[in-house]
Every structure is written in C-alpha cells, then in structure tokens.
Amino acid sequence: MSASVNRIKSDFFQQDTVLVAQKLLGQYLVRQFPDGRIQRYRITETEAYCGIEDKACHTNKGRTARTEVMFQAGGKVYIYLIYGMYWMLNFVSGKADEGTAVLIRGIEGFNGPGKVGRELQLDKSFYGEDLETSTRLWLEEGPVPTQMEATPRIGIAYAGEPWISKPWRFCCI
DNA sequence: AAGACGATCCTG
DNA sequence: AGGATCGTCTTT
C-alpha cells in the first residue's frame, strides 16, 4: 500500500517507438473520470507509427497544427478524431522532432481504437496531455504478458510497400 | 469557399 | 456492403 504509485514516466516513452509499442502491452492505462472514479485497464494491442519516413504515419505529411505534438519528446498524448466519430488515442514516443507515436488499439475488454476512446471518454481536450503529470490519464506498470505477436498494421493500405507490411502491430496472445 | 477523405464501428 | 459524421488538409 505505498502511497507513491508505479507511474510510468516520460523517459519510458522516449525510447525507440517499436520498443515502446511492445513494452506498453500489459501495462495499466489509468483513467480518472470526471466523477472521480479511477479505472485501470491493461493494454492489449498497440501499433507503432515510426516517423516522417513512415508513409502510414501522420507526420509523413509534414508538420501541421494537428501533428505538432508528435514532434515533441515522448510522453504526451496525441489524439485525433477519425470518421467524424472516434477519438484515436496515441502516446507520443521517441525524442523531440522524430514525429513518432504509438496508437492504443485495444485495452482489456475493449478491442478497437474507437472503442478505447469511447470507453475512456476521451476528446480533443486530451491533446498534448502530459502522461507523467496528468491527473486524469496516466500509465502504471503492469505484469509483463507471457506472449505477444507482431502483425502488419490495420487500415493503412494507402501507405503502400514497404510500410503496409511492417510488423508494427503488437497484441497480447 | 468548397470538396475529399480518414490509423472505425455498427447494421443489414 | 454501406452509412454515420466532422475536423483537417487540399484545391479553387
């Protein structure tokens, strides 16, 4: 019952993006809702978006208002609305100016990035949230999963080869 | 100013 | 297979 919790700090996110995506599996994504309720969800599925060279990565199109936070050092939230309906939760990774991030595609009980955003009641106000200091969204160390698998990423056919084939989606088995 | 479209999900 | 639904980026 230590009062200080094993919150994951910024330096964790500032590692190589693929490594961060892998190591996020099994960790607790913690949300404090507006009513004060705190809920912990283990991360079950992630995808690495590897910077300006990666045609599937949003920073490939350049530095814009939307992608600005992705060019900061790892440890911030990158969130955006897709299909007018779903908030996609990402954690900025790597060093400043790399333009990399990890998409959270699944948490225990909720598979699919749209469902993650909905369950956690996320919105644009989380853009740029600092995961090391936030009181409403952060990560805590969880048990390392026994097995994981790597597959190509979902929904990025437009990116073409070789990006479409990179095994940068990671799931707990 | 207008148009195109997306790292999705649900229904039929 | 197709519709929901809107912010962002591109084109005019």
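Computed from a predicted model, the values in this text were never measured in an experiment. Letters A, B, ... mirror the listed sequences (proteins, then strands); counts begin at 1.
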Engineer: Can you see whether Phe126(A) has Arg136(A) sitting over its ring - NZ or CZ less than 6.0 Å from the centre and within 45° of the normal?
Structural biologist: yes
Engineer: Are more than 12 heavy atoms, taken from residues, nucleotides or ligands other than Glu53(A), located less than 6.0 Å from that residue's CD atom?
Structural biologist: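 At most 12 heavy atoms, drawn from other residues, nucleotides or ligands, come within 6.0 Å of this atom.
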Engineer: Working to the nearest 0.5 angstrom, can you tell me the gap between Thr64(A) OG1 and Met70(A) CE?
Structural biologist: 10.0 Å
Engineer: Indicate yes or no for a side-chain donor-acceptor contact from Tyr127(A) to the backbone of Val69(A) under 3.5 Å, with no hydrogens or angles considered.
Structural biologist: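 Checking the backbone N and O of Val69(A) against the side chain of Tyr127(A), a donor-acceptor pair under 3.5 Å is found.
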Engineer: Can you confirm whether the side chains of Thr67(A) and Thr59(A) place a donor and an acceptor under 3.5 Å from each other?
Structural biologist: no
Engineer: To the closest 0.5 Å, what do you measure between CG (Leu29(A)) and CG (Leu89(A))?
Structural biologist: 6.5 Å
Engineer: Using the criterion of both pairing distances under 3.5 Å for Watson-Crick and G-U wobble pairs, give all stems of 3 or more consecutive pairs involving DNA chain C.
Structural biologist: B:1-6 with C:6-11, B:8-11 with C:1-4
Engineer: Taking only heavy atoms on the protein side, list every residue of residues 80-87 of chain A lying under 4.0 Å from any atom of DNA chain C, sorted numerically.
Structural biologist: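 Going residue by residue through residues 80-87 of chain A, the ones with a heavy atom under 4.0 Å of DNA chain C turn out to be Leu81(A), Tyr83(A), Gly84(A), Met85(A).
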Engineer: Among residues 93-128 of chain A, which ones have heavy-atom contacts with DNA chain B below 4.0 Å?
Structural biologist: Leu103(A), Arg105(A), Gly112(A), Pro113(A), Gly114(A), Lys115(A), Arg118(A)
Engineer: Between dA7(B) atom C1' and Asn90(A) atom CG, what is the distance in whole Å?
Structural biologist: 8 Å
Engineer: Does the structure place the NZ or CZ of Arg31(A) under 6.0 Å from the centre of the six-membered ring of Tyr41(A), at an angle of no more than 45° from the ring's axis?
Structural biologist: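 Judged by the rule (NZ or CZ under 6.0 Å from the ring centre, within 45° of its axis), Arg31(A) is not positioned above Tyr41(A).
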Engineer: Using 4.0 Å as the upper bound for N to carboxylate O, is an ion pair formed by Glu68(A) and Arg63(A)?
Structural biologist: yes
Engineer: Arg105(A) versus Ile154(A): any side-chain heavy-atom pair under 4.5 Å?
Structural biologist: yes
Engineer: Just the endpoints, please: which first and last nucleotides of DNA chain C, 5' to 3', lie under 4.0 Å from a heavy atom of chain A?
Structural biologist: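 Answer, 5' to 3': dA4(C) to dC9(C).
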Engineer: Please list, chain by chain and in numerical order, all residues satisfying side-chain hydrogen bond (donor to acceptor under 3.5 Å, both in side chains) with Asp130(A), sequence neighbours excluded.
Structural biologist: none
Engineer: Residues of residues 44-76 of chain A with any non-hydrogen atom less than 4.0 angstrom from an atom of DNA chain B: list those, numerically ordered, please.
Structural biologist: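 Contacting residues: Tyr49(A), Ala56(A), His58(A).
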Engineer: Quick one about Glu108(A) and Thr44(A) (side-chain donor to acceptor, distance below 3.5 Å, no hydrogens or angles considered), yes or no?
Structural biologist: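 Per modelled atom types, Thr44(A) and Glu108(A) side chains form no pair under 3.5 Å.
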Engineer: Just how far, in rounded Å, is P of dA7(B) from CD1 of Ile156(A)?
Structural biologist: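 Nearest whole value for this atom pair: 9 Å.
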Engineer: Identify whether the distance between the nearest side-chain nitrogen and carboxylate oxygen of Lys76(A) and Glu129(A) falls below 4.0 Å.
Structural biologist: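 Between Glu129(A) and Lys76(A) there is no salt bridge, as every charged N stays at least 4.0 Å from the carboxylate O atoms.
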Engineer: Can you say whether the rings of Trp168(A) and Trp163(A) are parallel (under 30°), tilted (30 to 60°) or perpendicular (over 60°)?
Structural biologist: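 The rings of Trp168(A) and Trp163(A) sit tilted, inter-plane angle from 30° to 60°.
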Engineer: Salt-bridged, Arg153(A) to Asp54(A), with N to O below 4.0 Å?
Structural biologist: yes
Engineer: Using the side chain to side chain contact (heavy atoms under 4.5 Å, CB included) definition, which of the options Ile43(A), Thr46(A), Leu25(A), Thr146(A) pairs with Cys172(A)?
Structural biologist: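 Of Ile43(A), Thr46(A), Leu25(A), Thr146(A), side chain to side chain contact (heavy atoms under 4.5 Å, CB included) with Cys172(A) is met by Leu25(A) alone.
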